2 protein chains.
Amino acid sequence: MPEVTTSNSGVGPDSTGVSDAGLDGVHEAVRHICPLNEVLDRVSGKWAIGVLTLTGAEEVVRFTEFERGIPGISRRMLTLTLRNLERDGLLTRTVYATVPPRTEYRLTEAAQELAQTLSLLTDWAKRHQAHVQASRVAYDETH
Amino acid sequence: MPEVTTSNSGVGPDSTGVSDAGLDGVHEAVRHICPLNEVLDRVSGKWAIGVLTLTGAEEVVRFTEFERGIPGISRRMLTLTLRNLERDGLLTRTVYATVPPRTEYRLTEAAQELAQTLSLLTDWAKRHQAHVQASRVAYDETH
DNA sequence: CCGAATCCGCTCAGATACTG
DNA sequence: CAGTATCTGAGCGGATTCGG
């Protein structure tokens, strides 16, 4: 299991004594981002969201269906993504020892909730897509 | 501007003729993930969420406050993250030509909405943290 | 105080080839 | 059909140094 090691967040508790006191509000706020990073660590990586979204829409998905449904993904990346999601308890993998073999993936309950939350992010993206686009153009012109 | 180029999503329209027909449902579902990837592309990168969360809690934040508030971040990465967020129209940067200099960052309206949505993800993470943790341990033991 | 510039290691992710 | 294995380039991100 050499790759896609889900990176060790970094914003973890490896703090550097922020005990100057007086910024308790700040410290309190930062503590909230730790679990968030855990989420994004496992949702990041260019393909995980595609897998989650696709599975959320199809209920049960086979390996080949992912390959066709997610344009541009390689066999390797699909496998890696699938394994990580399975490892994190977001996807269940069922192998049928038939000929030819058949493997089915489906979301766990936890992942179904996640998928719904992710859809809210999609909504945000759709609403502000133009704004972001315009901001970039403007920024790139002036810098 | 050589780094943190916000990566070109990859799940873009560079499709490979998925015109087999019959899987319109799938194709329809995948089209929804494109904007989502745009969001995550700019929110990913290990530090962006920390910046957004911190700024959301503090209203207005100075450069040095970020450094102290986000344990482990380097000057370089902070600057890069800040610039990207500014470029995407999520952060405003106000420089006061005083001595010593003073720079203030605050969220745009769009970013404030995003921050709220991200907090929902945090909630999810908190609720399922234990489950994910347990799943990993179990997975690592059997593989 | 707020950065910019350079050097460099590490991981991610693509291409390719092989297996049960 | 559903993977695994190996090689490789590209870019992220850390440490350090210099400037306004």
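Note on naming: letters A, B, ... go to the chains in the order of the sequence lines (proteins, then strands), and numbering restarts at 1 for each one. Because the structure is a prediction, the values reported are computed rather than measured.
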Counting distance only, does the side-chain N/O of A/Trp124 pair as donor-acceptor with the main-chain N or O of B/Ala110 below 3.5 Å? yes
NA contact type, A/Phe66, heavy-atom cut-off 4.0 Å: base, sugar-phosphate, or nothing? nothing
Measure from CG on B/Leu82 to C1' on C/dG3 and round the result to the nearest Å. 11 Å
Taking the minimum atom-to-atom distance to the side chain of A/Tyr105, which one of D/dG20, C/dA13, D/dG3 wins? D/dG3
Using atom types as modelled and distance alone, determine if a side-chain donor or acceptor of A/Thr108 lies under 3.5 Å from a backbone N or O of A/Gly89. yes
Distance check needed: D/dG3 C1' versus B/His143 NE2, whole Å only. 13 Å
When A/Pro101 and B/Ser74 are each assigned the nearest nucleotide of DNA chain D, the 5'-most assignment goes to A/Pro101
Suppose we call two aromatic rings close when their centres sit under 6.0 Å apart. Are A/Tyr105 and A/Phe63 close by that rule? no
OP1 or OP2 of D/dG3 versus the side-chain N and O atoms of A/Thr103: is any pair under 4.0 Å? yes
Looking at A/Glu67 and A/Arg75, is any side-chain nitrogen of the basic one under 4.0 Å from a carboxylate oxygen of the acidic one? yes
Starting the side chain at C-beta, find the nucleotide from C/dG3, C/dG14, D/dG13 nearest to B/Trp47. D/dG13
When rounded to whole Å, the CD to P distance for the pair B/Glu65 and C/dG3 reads 13 Å
Quick note, A/Met77 side chain, CB onward, closest among D/dG14, C/dG14, D/dG3 is C/dG14
Reckon A/Arg75 has a side-chain N or O less than 4.0 Å from the OP1 or OP2 of D/dC1? no
Under-4.0 Å side-chain N/O to phosphate OP1/OP2 contact, A/Arg62 with D/dA2: yes
In whole Å, what is the span from the CD atom of A/Glu86 to the C1' atom of D/dG3? 13 Å
Judged by atom type as modelled, is there a donor-acceptor pair below 3.5 Å linking the side chain of A/Glu65 to the main-chain atoms of A/Arg62? yes
Whole angstrom is fine here: how far is it from CG in B/Leu80 over to P in C/dT6? 14 Å
From C-beta outward on A/Phe63, which listed nucleotide comes closest to its side chain: C/dG3, D/dG14, D/dA2? D/dA2
Distance in angstrom units between B/Ile73 CD1 and D/dG13 C1', rounded: 10 Å
Taking the side chain of A/Thr64 as heavy atoms from C-beta outward, which of C/dA4, D/dC1, C/dC1 is closest to it? D/dC1
